[in-house]
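Below is one structure, written out as structure tokens; comments come after it.
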Amino acid sequence: MDSNGQSPRMRGPHALYFENLSRRKVAMEKDTNQRKLRVCVATCNRADYSKLAPIMFGIKAESAYFELSVVVIGSHLIDDYGNTYRMIEQDDFDIQARLHTIVRGEDEAAMVESVGLALVKLPDVLNRLKPDIIIVHGDRFDALALATSAALMNIRILHIEGGEVSGTIDDSIRHAITKLSHYHVCCTRSAEQHLIAMCEDHDRILLAGCPSYDKLLNVKNKDYMGVMKAWLGDDVKPEEYIVALQHPVTTDIKHSVKMFEFTLDALISFNKRTLVLFPNIDAGSKEMVRVMRKKGVEHHPNFRAVKHVPFEQFIQLVAHAGCMIGNSSCGVREAGAFGTPVINLGTRQTGRETGENVLHVRDADTENKIIHALQLQFGKRYPCSKIYGDGNSVPRIVKFLKSISLSEPLQKKFCFPPVKESISQDIDHILETLSALAVDLGGTNLRIAIVSMKVHSFIFM
């Protein structure tokens with residue numbers, strides 16, 4: 001007898017079917033809730049690690065809830081880009097997998113081949129680690145390979161910084177990762193609205209702010225003089241130097257290389273101490289490095305050319321700079337938190353939300369135009385902007401991760417605008433109706449006709 005005093009034999013087969021289905025679901029939920037959530041964080045380069053590291057520390061601190069694994073791919077493992085995987089080890093994270101996925105060449109074909117190589121190598125690692133969820137950041141071609149692999153292997157994806165708008169191919173890659181991802185952490189209200197407009201489920205979107213703000217808002221008052229002297233020399237003073245960081249624009253490589261040449265000529269003429277970081281590994285970077293060497297940047301007395309600066313030190317350098325110039329997202333995002341004046345060159349960050357500290361030079365087609373921008377911006381200070389975060393992103397993200405239930409359907413749903421209602425039939429709805437009638441009738445032999453208003457058919461019991 002069940003709780004209603006009925007024998008299982010007195011209930012219809014449909015009622016038993018749904019009861020057994022419910023029991024299996026409860027059992028599955030109990031099993032998944034008893035173990036830690038296996039979270040894999042995959043990082044591709046120095047830039048995305050600056051956003052992912054705070055989250056990794058937050059997950060590591062909640063070891064009762066999470067089991068963290070770390071996968072390193074992309075330019076992290078290349079000597080020319082600073083072997084930046086070492087900073088992950090210095091942060092005391094165990095790296096479960098290192099995958100060499102970059103095909104050298106620094107052109108469009110090499111980027112495609114790198115994505116293909118990552119797709120070949122990632123399945124073995126993901127099969128071994130068996131994560132419940134993988135955290136992917138941003139809009140890099142490496143991240144697209146990570147998201148594609150995870151989606152095809154039925155692994156949930158949490159995407160950081162979706163919904164934002166910028167220039168070049170990055171927009172397309174970012175939005176493609178959004179469509180593959182099950183959960184979204186965005187940094188601004190506009191990004192959240194973009195995700196909703198892209199038909200993503202609002203319940204699976206978290207407006208948290210940028211994770212890097214959790215760290216950068218606490219570093220400005222540290223020993224910045226020691227950092228400045230280490231990277232720029234003993235005679236440098238706060239707000240009397242420039243930080244330059246410029247990357248190729250993959251949709252117009254020739255123009256972006258020429259623009260970089262104008263930038264270096266302007267900086268040489270402006271005659272201020274300048275920290276120049278090497279560009280990222282996108283198509284066109286090899287040509288930009290050739291320009292640096294042709295101009296003698298690595299040996300110029302006013303320049304310090306470096307492949308990598310640890311994020312905490314880099315942020316201190318940006319915070320106390322007289323100006324930042326280039327087309328890095330750091331200029332339009334992180335620099336605003338300190339009121340550092342920024343000159344944003346070209347179209348790479350077109351569409352990004354910015355503070356009043358940013359001066360756009362969209363057609364940076366002459367040296368004189370860039371020099372004029374330097375004269376306008378160098379040495380100014382602006383009100384601090386927190387468009388991208390308030391320093392409390394990580395607690396929100398960790399809480400969001402804790403709320404994820406593995407019993408939820410893996411197949412993501414899109415919240416499309418309403419369309420004409422379908423007139424097709426649904427077997428589950430029919431079975432639920434029959435089951436409810438069987439239970440209500442208590443096994444009597446009454447004959448009942450059910451009329452379906454949509455299909456004008458009769459079902460007899």
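The basis for the numbers below is simple: all heavy atoms, side chains too, and nothing from hydrogens, waters or symmetry mates.
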Original post:
Is there a donor-acceptor contact under 3.5 Å from the side chain of Arg140 to the main chain of Cys44?
Top reply: no

Original post:
Any idea which heavy atoms bring Ala191 and Cys186 closest together, and the distance?
Top reply: CB-CB, 4.0 Å

**OP:** Hey, could you give me each pair passing side chain to side chain donor-acceptor pair (under 3.5 Å) that has a residue in residues 110-135? Not counting sequence neighbours.
**Re:** Arg35-Asp132

**OP:** For His372, check ring-ring contact (aromatic ring centres under 6.0 Å, His included) against everything at least two apart and list the hits.
**Re:** none

Subject >> Thr354 side chain near Ile387 side chain, heavy-atom distance below 4.5 Å >> reply: no

Original post:
Does Gln96 use its side chain to pair, donor to acceptor, with the backbone of Val71 at less than 3.5 Å?
Top reply: no

Subject >> Pairs touching residues 379-417 that satisfy ring-ring contact (aromatic ring centres under 6.0 Å, His included), sequence neighbours left out >> reply: Phe414-Phe416

Subject >> Polar side-chain atom of Asn357 near backbone of Val342 as donor-acceptor pair, under 3.5 Å >> reply: no

Subject >> Set of side-chain hydrogen bond (donor to acceptor under 3.5 Å, both in side chains) partners for Asp48, sequence neighbours left out >> reply: Thr43

Subject >> Value rounded to 0.5 Å, distance of OG1 in Thr250 from CD1 in Ile173 >> reply: 7.0 Å

Subject >> Spacing of CD1 belonging to Ile177 relative to CD belonging to Glu161, to within rounding of 0.5 Å >> reply: 11.0 Å

**OP:** For Ala266 and Leu374, work out which heavy atoms get closest and say how close.
**Re:** O-CD1, 4.2 Å

**OP:** Start with the C-alpha gap between Ser190 and Thr188, add the side-chain angles, then the distance that decides, and say whether side-chain hydrogen bond (donor to acceptor under 3.5 Å, both in side chains) holds.
**Re:** CA-CA 5 Å; Ser190 293; Thr188 69; 4.8 Å; no

Original post:
At their closest point, which heavy atom of Gly284 faces which heavy atom of Val257, and how far apart are they?
Top reply: O-CG2, 4.1 Å

Subject >> From OG1 (Thr366) to CE (Met259), nearest 0.5 Å >> reply: 12.0 Å

Original post:
What closest approach, in Å, do Pro131 and Leu126 show between heavy atoms, and which atom pair accounts for it?
Top reply: CD-O, 3.6 Å

Subject >> Gap separating the CE atom of Met225 from the CE atom of Met228, nearest 0.5 angstrom >> reply: 4.5 Å

Original post:
Going by an N to O cut-off under 4.0 Å, is there a salt bridge joining Arg333 and Glu353?
Top reply: no

Original post:
Does anything in residues 201-212 pair up under salt bridge (Lys or Arg N to Asp or Glu O under 4.0 Å), and if so which pairs, sequence neighbours excluded?
Top reply: Arg204-Glu408

**OP:** Would you list the pairs meeting ring-ring contact (aromatic ring centres under 6.0 Å, His included) in which at least one residue belongs to residues 70-90, sequence neighbours left out?
**Re:** none

Subject >> Selection residues 149-200 - residue pairs positive for ring-ring contact (aromatic ring centres under 6.0 Å, His included), sequence neighbours left out >> reply: none

Original post:
Between CD1 of Ile242 and CD1 of Ile325, what distance do you get to the nearest 0.5 Å?
Top reply: 7.0 Å

**OP:** May I have the step-by-step check of side-chain contact (heavy atoms from CB on, under 4.5 Å) for Asp94 and Val70, ending in yes or no?
**Re:** CA-CA 7 Å; Asp94 294 326; Val70 180; over 6 Å; no

**OP:** Write out all pairs satisfying ring-ring contact (aromatic ring centres under 6.0 Å, His included) with one or both partners inside residues 257-281, taking only residues at least two apart or from two chains.
**Re:** Phe270-Phe378

Original post:
What do the steps show when you test Leu317 against Leu232 for side-chain contact (heavy atoms from CB on, under 4.5 Å), and what is the final call?
Top reply: CA-CA 9 Å; Leu317 292 168; Leu232 290 156; 4.1 Å; yes

Original post:
Heavy atoms, side chains only, cut-off 4.5 Å: are Lys254 and Glu287 in contact?
Top reply: no

Original post:
Is there a donor-acceptor contact under 3.5 Å from the side chain of Asp214 to the main chain of Ser393?
Top reply: yes

Subject >> Name of the residue among Lys295, Lys258, Lys369, Lys294 meeting salt bridge (Lys or Arg N to Asp or Glu O under 4.0 Å) with Asp265 >> reply: Lys295

Subject >> Set of residues satisfying side-chain hydrogen bond (donor to acceptor under 3.5 Å, both in side chains) with respect to Asp91, sequence neighbours excluded >> reply: Tyr49

Original post:
Would you say Lys179 and Met198 make side-chain contact, with heavy atoms under 4.5 Å?
Top reply: yes

Original post:
Does some side-chain heavy atom of Thr340 sit less than 4.5 Å from a side-chain heavy atom of Arg381?
Top reply: yes

Subject >> Audit row: Asp171, Arg174, side-chain contact (heavy atoms from CB on, under 4.5 Å) steps and yes/no >> reply: CA-CA 5 Å; Asp171 260 355; Arg174 186 186 310 109; 2.6 Å; yes

**OP:** Kindly give the heavy-atom pair with the smallest separation between Ala97 and Val125, and that separation in Å.
**Re:** CB-CG1, 3.6 Å

Original post:
Which residues pass the ring-ring contact (aromatic ring centres under 6.0 Å, His included) test with Phe57, sequence neighbours left out?
Top reply: Phe93

**OP:** State, without any angle test, whether Ser256 and Arg348 hold a side-chain donor-acceptor pair at a distance under 3.5 Å.
**Re:** no

Original post:
Should Arg352 and Glu164 count as an ion pair when the cut-off is N to O under 4.0 Å?
Top reply: yes

Original post:
Do the side chains of Leu129 and Arg38 get nearer than 4.5 Å, heavy atoms only?
Top reply: no

**OP:** Only pairs at least two apart or in different chains count here, so list each side chain to side chain donor-acceptor pair (under 3.5 Å) that has a residue in residues 56-69.
**Re:** Glu62-Lys402

**OP:** Enter the distance from Lys215:NZ to Leu217:CG here, rounded to the nearest 0.5 Å.
**Re:** 13.0 Å

Original post:
Salt bridge check: are Arg396 and Asp390 linked by an N-O gap of less than 4.0 Å?
Top reply: yes

Original post:
Between Glu89 and Arg86, is there a side-chain N and carboxylate O pair less than 4.0 Å apart?
Top reply: no

**OP:** Consider only side-chain N and O atoms of Thr178 and Glu200, and report whether a donor and an acceptor are under 3.5 Å apart.
**Re:** no

Original post:
Is the shortest heavy-atom distance from the side chain of Arg104 to the side chain of Asp80 under 4.5 Å?
Top reply: yes

**OP:** Give the minimum heavy-atom separation between Ala145 and Leu122, together with the two atoms involved.
**Re:** O-CD1, 3.8 Å

**OP:** Quick one: which residue pairs count as a side chain to side chain donor-acceptor pair (under 3.5 Å) with a foot in residues 144-156, not counting sequence neighbours?
**Re:** none

Original post:
Heavy atoms, side chains only, cut-off 4.5 Å: are Phe314 and Cys330 in contact?
Top reply: yes

Original post:
After noting the C-alpha distance and the side-chain angles of Ile55 and Ile160, does the key distance pass the side-chain contact (heavy atoms from CB on, under 4.5 Å) rule?
Top reply: CA-CA 10 Å; Ile55 301 172; Ile160 309 293; 3.8 Å; yes

Original post:
Is there a side-chain contact between Ile397 and Pro54 (heavy atoms, below 4.5 Å)?
Top reply: no

Original post:
Within the distance-only criterion (no hydrogens, no angle test), does the side chain of His320 pair as donor or acceptor with the backbone N or O of Pro238 below 3.5 angstrom?
Top reply: no

**OP:** Using modelled atom types only, decide if a donor and an acceptor are shared between the side chain of His300 and the backbone of Asn302 within a distance under 3.5 Å.
**Re:** yes

Subject >> Qualifying residue for side-chain contact (heavy atoms from CB on, under 4.5 Å) with Val276, from Arg304, Gln246, Glu298, Met292 >> reply: Met292

